[in-house]
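Take a look at the structure set out below.
Counting starts at 1 for both ligands and their atoms, in listed order. Nothing here was measured: the structure is a model prediction, and the numbers come from that model.
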Amino acid sequence: MTPDIDKSLERSQHWLKQNIKRYAFKKLEREIIKTGVCTECGTCVANCPVDAISGIREENKYVPTLTGKCIACGICYEMCPRTVTLTEDLIGNYRSAWKARSVDLDNNKQDGGVVSALLYYALKEEIIDAAVAACHSKDTPWLPEATTFLKPDEVLKCAGTIYTHAPIVGELMSALRVGHSAVAVVGTSCNLDGITQLQEHPGGTLNTDLRSSVLKIGLFCMESFDYNGLVDFLKTNDVDIGDVHRMAIAKGKFKVFTDESEKEWPVSDLDSFASTSCAYCHDLTTKQSDISCGNIGSGSGWTTVLVRTERGEHLFQEAAESGIIEAESLEAKPLQIIANVARSKAMRYYSMERSH
Ligand SMILES: Cc1cc2nc3c(=O)[nH]c(=O)nc-3n(C[C@H](O)[C@H](O)[C@H](O)COP(=O)(O)OP(=O)(O)OC[C@H]3O[C@@H](n4cnc5c(N)ncnc54)[C@H](O)[C@@H]3O)c2cc1C
């Protein structure tokens with residue numbers, strides 16, 4: 001009789017062959033084994049359906065090695081505990097995905113203006129009594145200043161992206177301290193992870209304070225930049241940061257717009273100015289949020305929106321029904337593009353880990 005585990009292995013391989021991306025062993029070797037990310041657990045060896053991978057001992061190290069013919073089924077890559085392949089691991093769980101933009105709102109939106117439209121709507125309809133997001137410092141151009149907004153119109157003035165860390169969590173606590181209890185907060189994953197810690201840790205302030213309700217609107221983020229580094233980079237390229245009225249990163253290009261010119265560089269030119277903390281982050285889409293927004297996956301002038309929680313869904317749907325936002329369901333292809341970028345961020349973490 002075939003042992004149960006063999007039957008299960010067959011079942012598993014049958015499912016995997018139908019559902020996963022087909023990669024050759026070479027990909028696992030290049031990204032995980034040769035880079036030293038491999039944990040020597042032997043999962044790839046044990047799951048190869050044609051027994052083409054062997055664990056060879058090299059100087060007392062266990063090295064998965066191709067010793068047979070690879071059929072490029074992708075199972076070794078999929079099952080490896082150090083690769084990230086499942087969409088939910090890459091971009092988190094979500095209830096619905098949209099391509100959306102604001103309608104008839106006068107704001108300097110970054111993409112589709114959905115983030116500021118949601119804050120505007122939530123304040124106008126008194127769903128929240130305050131919103132916390134980043135605005136431009138009055139004294140230092142392009143330095144973000146975490147700000148509490150109480151009026152819908154104020155939010156619109158602070159639309160747009162500032163590519164530097166903003167201390168959002170301290171501002172949120174200040175807003176709660178002065179008596180606001182229903183607050184929407186906008187931030188990248190590093191900001192919102194801090195808030196989640198306060199909400200979920202057994203001793204977290206937002207866990208022990210039952211009066212406060214915080215709605216988290218996440219921004220996709222590949223990386224943010226050191227402020228002084230950004231100023232120097234622009235200066236080297238004959239741009240005074242004080243003259244810049246818009247910055248944007250899309251499709252691998254960093255663009256700055258002044259009254260006189262529009263300049264662009266590959267984002268990789270700014271690698272050395274990325275904030276050092278970004279080396280420890282592998283969350284592109286701000287998984288710990290009620291709603292996440294970014295530009296990857298939707299064309300210019302649109303915001304990609306992942307609605308993750310019931311609370312997020314209430315706000316997004318109500319805003320869409322009011323007509324302040326127009327939204328189309330996001331198709332599978334753009335979602336795959338987002339997952340691919342999220343994977344590249346996760347894999348980059350490995351190479352940064354190696355360089356320490
Ligand atoms: C540092 C950074 C890096 C990003 N990288 C990517 C990326 O790689 N790929 C991608 O698809 N999207 C990225 N985004 C998100 C993207 O730039 C837009 O914010 C998003 O698409 C929403 O656009 P919108 O037009 O709907 O927002 P808008 O309506 O223009 O509103 C933007 C909101 O973001 C707030 N905000 C701006 N800067 C910050 C900041 N530093 N911290 C906290 N809040 C801020 C503003 O106060 C405003 O409320 C990044 C955002 C930031 C802040």
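- Near Ala166, meaning under 4.0 Å from one of its heavy atoms, ligand 1 places the atoms 42 (N).
- For the pair Asn295 and ligand 1, the shortest N or O to N or O distance falls below 3.5 Å.
- Atom numbering of ligand 1 starts at 1 in the shown order; those under 4.0 Å from a heavy atom of Gly113 are 24 (P), 25 (O), 26 (O), 29 (O).
- By the 4.5 Å heavy-atom criterion applied to side chains, Ile128 and Phe149 are not counted as neighbours.
- When the heavy-atom distances from atom 4 (C) of ligand 1 to Phe149, Phe220, Tyr120 are ranked, the shortest goes to Phe220.
- Taking the six-membered ring for Trp and thresholds of 30 and 60 degrees, Phe316 and Trp98 have ring planes inclined between 30 and 60 degrees apart.
- No part of His165 comes within 4.0 Å of ligand 1, judged by heavy-atom distances.
- Polar contact check, Thr164 against ligand 1: a nitrogen or oxygen pair lies under 3.5 Å apart.
- Checked against a 3.5 angstrom limit, the closest N/O atoms of Leu219 and ligand 1 fall outside it.
- Heavy atoms of Ile249 come nearer than 4.0 angstrom to ligand 1 in no pair at all.
- What sits closest to atom 20 (C) of ligand 1 on the protein, heavy atoms only, is Asp111 OD2, 3.5 Å.
- Among the atoms of Ser224, none of the N or O lies under 3.5 angstrom from an N or O of ligand 1.
- Contacts of Cys221 with ligand 1, taken as heavy-atom pairs under 4.0 Å, involve both backbone and side chain.
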Contacts table for residues 290-302: side-chain donor-acceptor under 3.5 angstrom, sequence neighbours left out:
residue: Asp290; atom: OD1; partner: Thr309; partner atom: OG1; Å: 2.7
residue: Asp290; atom: OD2; partner: Lys216; partner atom: N; Å: 2.7
residue: Ser292; atom: OG; partner: Thr285; partner atom: O; Å: 2.8
residue: Ser292; atom: OG; partner: Thr286; partner atom: O; Å: 3.0
residue: Ser292; atom: OG; partner: Ser289; partner atom: OG; Å: 2.9
residue: Ser292; atom: OG; partner: Arg308; partner atom: NE; Å: 2.9
residue: Ser292; atom: OG; partner: Arg308; partner atom: NH2; Å: 3.1
residue: Asn295; atom: ND2; partner: Asp111; partner atom: OD2; Å: 3.4
residue: Asn295; atom: ND2; partner: Ile249; partner atom: O; Å: 3.4
residue: Ser298; atom: OG; partner: Thr304; partner atom: OG1; Å: 2.7

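- Nearest protein neighbour of atom 22 (C) of ligand 1, counting heavy atoms only, is Val115 CG2, 3.7 Å.
- Of all atoms in ligand 1, listed by their number and element, those nearer than 4.0 Å to a heavy atom of Cys158 are 46 (C), 47 (O), 48 (C).
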Check residues 130-143 and write down every donor-acceptor pair under 3.5 Å in which the side-chain atom is one partner and the other belongs to a residue at least two apart or another chain.
residue: Ser137; atom: OG; partner: Asp139; partner atom: N; Å: 3.1
residue: Ser137; atom: OG; partner: Thr140; partner atom: N; Å: 3.0
residue: Trp142; atom: NE1; partner: Val244; partner atom: O; Å: 2.9

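- The N/O atoms of Ile168, backbone and side chain alike, include none that comes under 3.5 Å of an N/O atom in ligand 1.
- Considering backbone and side-chain N/O of Met222, one or more are found under 3.5 Å from N/O of ligand 1.
- For atom 44 (N) of ligand 1, the nearest non-hydrogen atom from the set Ser102, Gly112, Ser189, Ala134 comes from Ala134.
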